[in-house]
Structures are given as C-alpha cells and as structure tokens.
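All heavy atoms count here, side chains included; hydrogens, waters and symmetry mates do not. Computed from a prediction, not measured in an experiment: that's the story for all the values here. Here is how names work: the chains are called A, B, and so on, in the same order as the sequence lines, proteins then strands, and each is numbered from 1.
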2 protein chains.
Amino acid sequence: MKEKKLTIPTLKRLPLYYNIAIRALARGENYISSAFIAEKLDIDATQVRKDIATIGYVGKPKVGFDTKEFSTHLETFLGFSKERNIILIGAGNLGIALAKYDGFTQYGLQIKAIFDKDSRKIGMKILDKEVISVSEMKNFIVKNNIQIAVLTIPAQFAQEVADELVSVGIKAIWNFAPVNLDLPKDVICWNQDLAASFITFVQLLKD
Amino acid sequence: MKEKKLTIPTLKRLPLYYNIAIRALARGENYISSAFIAEKLDIDATQVRKDIATIGYVGKPKVGFDTKEFSTHLETFLGFSKERNIILIGAGNLGIALAKYDGFTQYGLQIKAIFDKDSRKIGMKILDKEVISVSEMKNFIVKNNIQIAVLTIPAQFAQEVADELVSVGIKAIWNFAPVNLDLPKDVICWNQDLAASFITFVQLLKD
DNA sequence: TAGATTGTTAATCGATTAACAATC
DNA sequence: TAGATTGTTAATCGATTAACAATC
C-alpha cells in the first residue's frame, strides 16, 4: 500500500502495462500475471511486480492481477481523469498531427490553443481549435492558467519561445525541437527529438 | 582508437553531441570541451568523454575536441552519408508529418514510398512521394530492397502489418503504434509511442 | 612552465534479476 | 492439499560519477 519512490524507467513502463491491461480486459481476461506482461514487453517478471508494488497495487497470489481493478488503478494513478490544459506552439506538420492525434484525449490531454507566428496560418482551423498569433500567447497562458506547453517549432526559435513561456509561469515543456533548452531547474523539460531518436534506432542495425 | 561496446544510453547521447557540435561550429568555435557539452545536456563531463572515447575519437588535452573534426567523425560514425531506404506505412496525420519532416533528410533518411489501405488516399502526393496501396507493399519491399519500415497505423492493425513486413525480410521497424509487436529476435523494433511518452512526462509534474 | 583539459581506472550508485518465503 | 503466483530481500549487473595521472 505504501508508495515507494518512482524512477523514470518505472514511469516509462507504467503506460505500457496499461496498454496491455486494457487490451486483456477487452478480450475478457479477468486476471493477468506479471509473467504475461513481462513476456509481452520482453522484460523480467520481477520488474513488473516491483513496478506494480511501487504504485501501491496488490495482486492475488496464485491468481494474478485483477485486470479491471488494475486498469482502473493505473488510470487513477496516472491521472487520466485529471484534465490537463495544454497549449501547442508551432502549427507545422508535426504540430498539426499532434493537434489532430486522437491518441491523447483518452489520457486527459486537452489542447486549448495552437499558436504560430506565420500570419497565413492564423485563423486556420485544426479540428475545433483555431491557430492564434504568438503575440497573444503570454496573455492566453495567464488567463487560462496553462501549465504545460508543447513545442513544435524550428530549433532556432525554441529557446526564445521557451524563455517567454517560463516568464509567464509555464511549468513543463514537451519539446520536439532538436535543441536542449536552457531552463530554470523547477521547469520540467521532456525532449522528444524524433530525428535523434531515429539515428539511435538505425545504429542498432550495425551489429 | 579501439572501439568499445556501445550501450543504448550512449547511442542516445551521440546525436545530442552532434547537435551541439554543429551549432558550435556554426558559431565559429574551433574547439569544444567535454565540460561545455555536459553543461548543455545537464550530464557529467566524464560521461561525455567516455562516450566520445567509445566511438574512437580523441581530443587534445588542454584544448578540447576539434569542433569540425568531431562533427565529421560523428557524421561518419552515425552513418549520415549512408542512404537509408525506408518505407512509411500509414498516411494519417502523423505519417504525413513524418513524410514532410525535413529534419530527417540531413541524416540520410530517404522515404521511398508511403503505403495506406484507404482508397481515398491512394495516389495522394506528399511532397514528391505518392501514396500507394498496401496491396503493393510486399512487392515494393522486395524489388527495392527496403530494410526499414516506419509504422504509423492504428494499434489494431500493427501486428498483422508487422508480420507481413517480416515475411518479406524487413530488418527494422520504427513503431509509432501504441502496441508491443511480437517479432522474431533478429528484427529490431524501436517503439515511439507518443501518448505513452506524454503520460510519463506529465507524471514528473507530481512532485 | 603552469594550467587546463583529456583519457582512464576505481568507486559509487541505481536498476535489473535471482531466489524464495508467503499466500490463496 | 499442491501448485501457481505474488511480494520482497539479496545478489548481480551495468551505468554514472569521482579521482587523478597524462598531456600539450
């Protein structure tokens, strides 16, 4: 029941457990074992049990983890029902793809606005959201109490925009620009450099 | 000079070093130190030197690493000049965004074709590439000796498409679908589940 | 030369895996 | 009950960090 310290590796695995759990639930499986999850993810079953213990969920010895209960526990723990107000900066291809991506909404991600500096894009509709001029960004953040920003702009503008975001109290940045941002320690930055990720991936073909 | 074993953590950092090096080069800085790189990435300078030693590049004690030489060494090591023939499966928002993304071309990524099963999308042009029916996918892979596939299709179709890919000799899959694929051990799979990544990211806001 | 930075070995830290008792 | 699976402690493994000699 007591929660231990969560590490990043554990935090990365939890959403994967969730995916497996809801799929098992959809198939009508009432219980899943740590060995089953481990096999799917090609990791150790002890790892799985330890992670699950860390978030305070307990299984039934001999039976496994109650699929429904476990899924719900993960939903609560990971905060899916908690609405996350987010803004997206950069209405390029990637920004538009993310704005349209339906994989996010089920996790409570609510994109409140999309900003761009290109006047030709201002007013454009992406699903139900309009592209707004970056000149209105700071005001919008303050007014709507936004805490999370997604950066899908070219690398050369990323730092200056990040500085603006920080100046109005943004607490977390999901950064798709291929650059490491210089930020105050209390601002969380999550880098998602797809090109860098691709390069790492193809290196694995070497051996 | 001798190359030691490359670990995944090291492989993930190398592209970041490259980004920093080319930017320093553009600013006209002839040398960069491990301390400089470390500070940018908020990691330990020893780590940086160790990684660099691993890929067989040597710096100058007292001076640092020759920016131009180091960049070139990384380009060669990471194989940017080696053309990678790739196909993309799934012409949805994310697939189109990746197909248009210019961040890849400089690293040798060549998208040879885009496949989709939606007849309304077949024939659509994305930059200079046409969307082709998945029914032609296997033939295309064999004829063009494709080794790498990018999967940007819904989770429920990912496994069957992956099986098809494997059956015609695909060696590596960059998987954006939120599902863990069941593949032969010799096929490399790199999962890029953006929704899962987002969930992990927002957990960091908890403390 | 003196000082700064690399290269590398040793120490530490943390994550993964093994072993096994507890449990239903 | 016997067997299967959890929960957890101990052992291992690997990655990061500290220390410092080598070098220009």
Original post:
Who is the Watson-Crick or G-U wobble partner of D:dT9, with both distances under 3.5 Å?
Top reply: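 Pairing partner, where one exists within any strand: C:dA18.
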Subject >> G-U wobble or Watson-Crick pairing nucleotide for D:dA4 (cut-off 3.5 Å, both distances) >> reply: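 When the pairing criteria are applied, C:dT23 turns out to be the nucleotide that pairs with D:dA4.
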**OP:** Nearest 0.5 Å please: distance from the OH atom of B:Y57 over to the CD atom of B:E69.
**Re:**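 If we round to the nearest 0.5 Å, B:Y57:OH and B:E69:CD are 3.5 Å apart.
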Subject >> Pairwise distance CG(B:D163) to CD1(B:I170) - rounded to 0.5 angstrom >> reply: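 Going from CG on B:D163 over to CD1 on B:I170, the span is 13.0 Å.
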How long is the line joining [atom1] of [X] and [atom2] of [N], in whole Å?
| X | N | atom1 | atom2 | value |
| --- | --- | --- | --- | --- |
| B:D42 | D:dT16 | CG | C1' | 14 Å |
| A:I8 | D:dA15 | CD1 | P | 17 Å |
| B:D44 | C:dC13 | CG | C1' | 13 Å |
| A:K12 | C:dT16 | NZ | C1' | 16 Å |
| A:K5 | C:dG14 | NZ | P | 6 Å |

Subject >> Between A:Y18 and A:F80, ring centroids under 6.0 Å >> reply: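 Here the rings of A:F80 and A:Y18 have centres that are less than 6.0 Å from each other.
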Original post:
In terms of side-chain heavy atoms of A:P61, which of C:dT16, C:dT23, D:dT23 is nearest?
Top reply: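 The listed nucleotide nearest to A:P61's side chain is C:dT23.
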Subject >> Selected nucleotide, minimal atom distance to B:T7 side chain, candidates C:dT16, D:dA2, D:dA15 >> reply: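 The answer is D:dA15, which lies nearest to the side chain.
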**OP:** Using the six-membered ring of B:F77, assess whether NZ or CZ of A:K206 lies under 6.0 Å from its centre and within 45 degrees of the ring axis.
**Re:**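 Yes, a cation-pi geometry holds between A:K206 and B:F77.
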Original post:
Honestly, is A:K117 close enough over A:F157, meaning NZ or CZ under 6.0 Å from the six-membered ring centre and within 45° of the axis?
Top reply: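 That pair qualifies as a cation-pi contact.
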**OP:** Examine C:dA15: is either OP1 or OP2 under 4.0 Å from a nitrogen or oxygen in the side chain of A:R13? Give yes or no.
**Re:**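 So the side-chain polar atoms of A:R13 never come under 4.0 Å of the phosphate oxygens OP1 or OP2 of C:dA15.
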Original post:
Under 4.0 Å: is that the gap between some side-chain N or O of A:S33 and OP1 or OP2 of D:dT5?
Top reply: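 Indeed not, no polar side-chain atom of A:S33 lies that close.
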Original post:
On DNA chain C, nearest-nucleotide positions of A:R49 versus B:G59: which is more 5'?
Top reply: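 Upstream on the strand: B:G59.
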Original post:
Between B:K50 and B:I32, who's closer to the 5' end of DNA chain C by nearest nucleotide?
Top reply: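 Looking at DNA chain C, the more 5' nearest nucleotide goes with B:I32.
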**OP:** Answer with base, sugar-phosphate or nothing: what part of the nucleic acid does B:T46 contact at a heavy-atom distance below 4.0 Å?
**Re:**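 Counting heavy atoms under 4.0 Å across all strands, the contact made by B:T46 includes a base.
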**OP:** For B:T10, report the nucleic acid contact type (base, sugar-phosphate, nothing); a contact means any heavy atom under 4.0 Å.
**Re:**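 Result for B:T10 = nothing.
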Subject >> Residue met sooner reading DNA chain D from 5', once B:I43 and A:G64 are mapped to nucleotides >> reply: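 Looking at the nearest nucleotide for each, A:G64 comes out on the 5' side.
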